[in-house]
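One structure below.
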Amino acid sequence: MNVIPVHAFNPSPLTGNGNTTWLLPGHVPTLIDAGTGEPQHLDALERALVGARLAQVLVTHTHVDHASGAPAIAGRMPHVRFLKMPWPVRDAAWHVRWEPLKDGESIAAGDSILTAVHTPGHSPDHLCFWHADSRSLFCGDLAWKGSTVVIPQAHGGDVGAYLDSLERVIALDPLVMMPAHGGVIDRPTELLREYIEHRMVRERQIVAALRMGVTDPTEMVKRIYPSLAPPLIAAARESVVAHLMKLLREGRARQTGDEWHLIDE
Ligand SMILES: [Zn+2]
């Protein structure tokens, strides 16, 4: 499979160096993720296309750094189709005609076929795109080498669903994963197993904080991530609340207003 990384030119504390979008040239020129519409991204995309017409953009999920560039791409390349798993209330923010993708659907892309794999957790609409012949996975925000993934409660994050999605991808046994952030992941299963272990450690820390009578998620963030850079505190709080919601659903914690308590085991 021929794949060209196209940088989205949107560095920030939450996106790292900025997103990578992936171009599959060939019969059906296809871009995975839309970036944020930076003119430099569109210029780089046009250079990578070397005169070919982009046919479609497959969007892994509706978060701003993956989907908000769709109208800018449509502005420069009006014939392009945009496809993603629907999340209607959020998708409406980006004004293009979204065509729906569902789990298991096959999509002609480049000179190959990709399969959509529903992998909720980071967001409810999250899709990875699987190339079975090379056992490669375009993994969006499922994984980020050298980092963990934020599970943003306020943006549809769900830790329980995320853990299930990690197991689902491990079962595919990918050889390589192309993420939206950070470098190509060459030992995916190892990294995904580390993520599962990391979430288990995090959960034990949150349960321990609750047991000590810490009721406020912001207070938990200060204990669990003592040296976190200020721009990342809100995101860490989202992850803590996502874990608390998992405990709530499992009947292990309860919420009264802004306060959280452990249900005695
Ligand atoms: Zn995201």
Side-chain angles (χ1 to χ4, degrees), residues 5-22 31-38 41 57-73 82-94 96 98 101 103 116-130 137-166 168-169 177-185 188 191-192 195 198-199 202 229 231-243 245-246:
V6 184
H7 196 265
F9 292 93
N10 61 326
S12 78
L14 286 175
T15 61
N17 294 330
N19 288 49
T20 307
T21 66
W22 298 95
L31 186 69
I32 294 178
D33 274 347
T36 54
E38 296 301 319
H41 179 224
V57 181
L58 310 180
V59 170
T60 57
H61 64 298
T62 202
H63 288 164
V64 58
D65 51 325
H66 303 262
S68 70
I73 293 173
F82 295 90
L83 300 94
K84 70 182 295 299
M85 175 168 276
W87 186 7
V89 287
R90 297 295 179 105
D91 296 341
W94 325 122
V96 295
W98 293 107
L101 283 177
D103 182 44
V117 183
H118 189 211
T119 37
H122 173 74
S123 68
D125 59 336
H126 194 284
L127 289 178
C128 293
F129 297 102
W130 174 238
L137 188 75
F138 295 95
C139 72
D141 278 359
L142 184 84
W144 182 339
K145 196 176 178 176
S147 176
T148 56
V149 169
V150 172
I151 306 297
Q153 179 65 27
H155 299 282
D158 180 324
V159 174
Y162 181 63
L163 291 169
D164 291 346
S165 292
L166 294 176
R168 186 169 187 203
V169 169
M177 297 201 308
M178 274 77 74
H181 305 273
V184 168
I185 298 160
L191 181 67
L192 300 181
Y195 280 174
H198 168 81
R199 296 289 160 184
R202 195 61 87 222
L232 299 176
I233 288 175
R237 188 181 188 282
E238 289 287 318
S239 278
V240 166
V241 173
H243 270 284
M245 294 300 291
K246 174 174 179 282

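Ligands are counted one by one from 1 in listed order, and the atoms in each one are counted from 1 as well. Computed from a predicted structure; not experimentally measured.
Coordination check, His66 versus the Zn ion (ligand 1): failed, since every N/O/S atom of the residue sits at 2.8 Å or beyond.
Considering just the N/O/S atoms of Asp141, the one nearest the Zn ion (ligand 1) carries the name OD2.
Judged purely by atom type and a 3.5 angstrom limit, Thr36 has no side-chain atom pairing as donor or acceptor with the backbone of Ser68.
Our summary of the site lists the angle at the Zn ion (ligand 1) between NE2 of His61 and ND1 of His63 as 90°, to the nearest 10 degrees.
Surrounding CG of Asn17 are at most 12 heavy atoms belonging to other residues, nucleotides or ligands under 6.0 Å away.
The aromatic rings of Trp144 and His181 sit parallel, their planes meeting at an angle under 30°, below the 60° perpendicular limit. Ring orientation note: the planes of His63 and His155 are nearly perpendicular, at an angle over 60° on the 30°/60° scale.
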